[in-house]
Q: 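Have a look at this one.
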Amino acid sequence: MEILILGIILFILFLEPKRREYRTSGYKEASGKKMMEVFRDKGLYGEYLTFLTLEKLNVYHRILTNVYIPKEDGTTTEIDLIMIAETGVYVFESKNYSGWIFGNNRQKEWVQTLPGGKKYSFYNPVWQNDGHIKALESVVKMNHPKLFKSYIIFSERCELKNVEVYKEEVEVIKRNQLREFLEKDLRRREEIMTTWTVDGLYYHLSQYTLQKDDVKVKHIEDLRSRKENL
């Protein structure tokens, strides 16, 4: 009985506030995902936390999540989050990693080092998001040199130990820095779209969200095939 009571108390103290936050957020409608599905998946949970930060920005903007953009070769590229504002299109790649992170914009592989010395490599997220933006350009068809801005967002649980990226339209930061960086970015960048254009682009890109399972399965199969052929 004491264990049951303790469980109920823990639910009220920890899970219930998170449940209310999830229900009031626009993430459920944008992603089509249930709360426990998100909370059990580290990657999805990281995207959700980034989404919450974007929602709090005090500017006119629209947010899309899990966007499957078609590519010329018949495959798709999945974009974690897109924010459309009057100052441009912000494309987010979320990495919910822990440990130490090493890498720069010239290396194909970055490295995650965990306690105990275990090391894992992962594809350069700057290049990954560059690919996302290239695919977006083909469906957006808006000719402006400052339209897109790339944000690579790492978890607060990691340390960007030696990360060097020298590209004007790219930011590599931790999630707890995101709001500060974005607010500065939104202030300094010129407005290149009207609210009407923002809405129009949002509705145009919405067709690539909330995709059916067969699209998601094919996307995963294509990724596996590309890795096997490397």
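Counting from 1, the numbers follow the sequence of the chain as shown. Just so we're clear, the structure is a prediction, and the values are computed from it rather than from any experiment.
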Q: Are the side chains of S155 and R175 in contact, using a 4.5 Å heavy-atom criterion?
A: yes

Q: Go through E183 and R187 one step at a time and tell me if the side chain to side chain contact (heavy atoms under 4.5 Å, CB included) criterion holds.
A: CA-CA 6 Å; E183 287 178 342; R187 286 196 299 268; 3.9 Å; yes

Q: Does T24 form a side chain to side chain contact (heavy atoms under 4.5 Å, CB included) with R20? I'd like the steps, not just the answer.
A: CA-CA 6 Å; T24 56; R20 287 198 303 269; 5.5 Å; no

Q: One pair to check against side chain to side chain contact (heavy atoms under 4.5 Å, CB included): R157 and Y97. What are the steps and the verdict?
A: CA-CA 7 Å; R157 298 181 298 115; Y97 293 166; 5.9 Å; no

Q: In plain terms, say whether E21 and R19 are close enough for a salt bridge, that is, a side-chain N and a carboxylate O under 4.0 Å apart.
A: no

Q: Quick one: pull up OG1 in T195 and NE2 in H61 and give me the separation to the nearest 0.5 Å.
A: 14.0 Å

Q: So which atom in S98 and which in L114 form the shortest heavy-atom distance, rounded to 0.1 Å?
A: OG-CD2, 3.6 Å

Q: Indicate the atoms forming the closest heavy-atom contact of I84 with V198, along with that distance.
A: O-CG1, 3.5 Å

Q: Would you say that Y22 contacts F39 through its side chain, given a criterion of any heavy-atom pair below 4.5 Å between the two side chains?
A: yes

Q: Can you see which heavy atom on T77 is nearest to which on A135, and at what distance?
A: CG2-CB, 3.5 Å

Q: Look up atom OG1 in T53 and atom CD in E55, then write down how far apart they are to the nearest 0.5 Å.
A: 9.5 Å

Q: Is it true that L147 and Y60 fall in one hydrophobic cluster, defined by side-chain heavy atoms closer than 4.5 Å?
A: yes

Q: Donor-acceptor check, side chain of E29 to backbone of S25, threshold 3.5 angstrom: yes or no?
A: no

Q: So do the side chains of I192 and T87 get within less than 4.5 Å of each other, counting heavy atoms only?
A: no

Q: Do V140 and Y203 sit in the same hydrophobic cluster, where Ile, Leu, Val, Met, Phe, Trp and Tyr count as joined when their side-chain heavy atoms come under 4.5 Å apart?
A: yes

Q: Using the rule that two of Ile, Leu, Val, Met, Phe, Trp, Tyr join whenever any of their side-chain heavy atoms come within less than 4.5 Å, decide whether I153 and L54 are in one cluster.
A: yes

Q: Flag the pair T50 / E47 as yes when at least one side-chain heavy-atom distance between them is below 4.5 Å, and no otherwise.
A: no

Q: Measuring only between side-chain heavy atoms, which start at C-beta, is F92 closer than 4.5 Å to I152?
A: no

Q: Rounded to the nearest 0.5 Å, how far apart are CD of Q211 and CD of E78?
A: 10.0 Å

Q: Run E171 and K149 through salt bridge (Lys or Arg N to Asp or Glu O under 4.0 Å) and show every step you take.
A: CA-CA 8 Å; E171 299 286 357; K149 182 69 180 281; 3.7 Å; yes

Q: Ignoring hydrogens and geometry, is there a side-chain-to-backbone donor-acceptor pair from W127 to N105 under 3.5 Å?
A: yes

Q: Answer yes or no: is there a donor N or O on one side and an acceptor on the other, between the side chain of Q128 and the main chain of V126, under 3.5 Å?
A: no

Q: Might you point out which heavy atoms bring N124 and Q107 nearest each other, and give the distance in Å?
A: ND2-O, 2.6 Å

Q: Please say yes or no: joined through hydrophobic side-chain contacts below 4.5 Å, possibly via intermediate residues, are L81 and F154 part of one cluster?
A: no

Q: Considering only NZ, NE, NH1 and NH2 on the basic side and carboxylate oxygens on the acidic side, decide whether K174 and E159 come within less than 4.0 Å.
A: no

Q: Could you measure the distance from the CD atom of E156 to the CG atom of L178? Nearest 0.5 Å is fine.
A: 9.5 Å

Q: Do D185 and Y90 touch side chain to side chain, with heavy atoms closer than 4.5 Å?
A: yes

Q: I'd like to know if I173 and V165 are part of one continuous hydrophobic network [Ile/Leu/Val/Met/Phe/Trp/Tyr, side-chain heavy atoms within less than 4.5 Å].
A: no

Q: Decide if atom CZ of R40 counts as having more than 12 heavy atoms of other residues, nucleotides or ligands within a radius under 6.0 Å.
A: no

Q: Nearest heavy-atom pair of Y27 and L44: which atoms, and what distance?
A: OH-O, 3.9 Å

Q: Regarding D80 and S94, is there a side-chain donor-to-acceptor distance under 3.5 Å anywhere?
A: no

Q: Yes or no on side-chain hydrogen bond (donor to acceptor under 3.5 Å, both in side chains) for S150 and N129, after CA distance, side-chain angles and deciding distance?
A: CA-CA 7 Å; S150 175; N129 221 26; 2.9 Å; yes

Q: Nearest 0.5 Å, what's the CG-CZ distance between L201 and R62?
A: 11.0 Å

Q: Please report the shortest heavy-atom distance between T197 and M142, naming the atom on each side.
A: CG2-CE, 4.1 Å

Q: Tell me, do Q112 and F122 make a side-chain contact under 4.5 Å, heavy atoms counted?
A: yes

Q: Where does the angle between the aromatic ring planes of Y48 and Y45 fall among parallel (under 30°), tilted (30 to 60°) and perpendicular (over 60°)?
A: tilted

Q: If you measure from OH on Y202 to CD1 on I63, what distance do you get to the nearest 0.5 Å?
A: 9.0 Å

Q: R189 and salt bridge (Lys or Arg N to Asp or Glu O under 4.0 Å): which single residue from E168, E86, E169 fits?
A: E169

Q: Between D130 and K167, is there a salt bridge with N-O shorter than 4.0 Å?
A: yes

Q: Hey, does the side chain of W110 reach the backbone of N104 with a donor-acceptor pair shorter than 3.5 angstrom?
A: yes

Q: Side chains of Y208 and L205: closer than 4.5 Å at any heavy-atom pair?
A: yes

Q: Could you check whether any side-chain N or O of H204 sits under 3.5 Å from a backbone N or O of V139, counting only pairs where one atom can act as donor and the other as acceptor?
A: yes

Q: Give a yes or no on whether the backbone of S31 and the side-chain of N66 come within a donor-acceptor separation of less than 3.5 Å.
A: no

Q: Are K28 and M35 close enough, and set up right, to give a side chain to side chain contact (heavy atoms under 4.5 Å, CB included), and what steps lead you there?
A: CA-CA 8 Å; K28 181 179 180 180; M35 184 187 79; over 6 Å; no

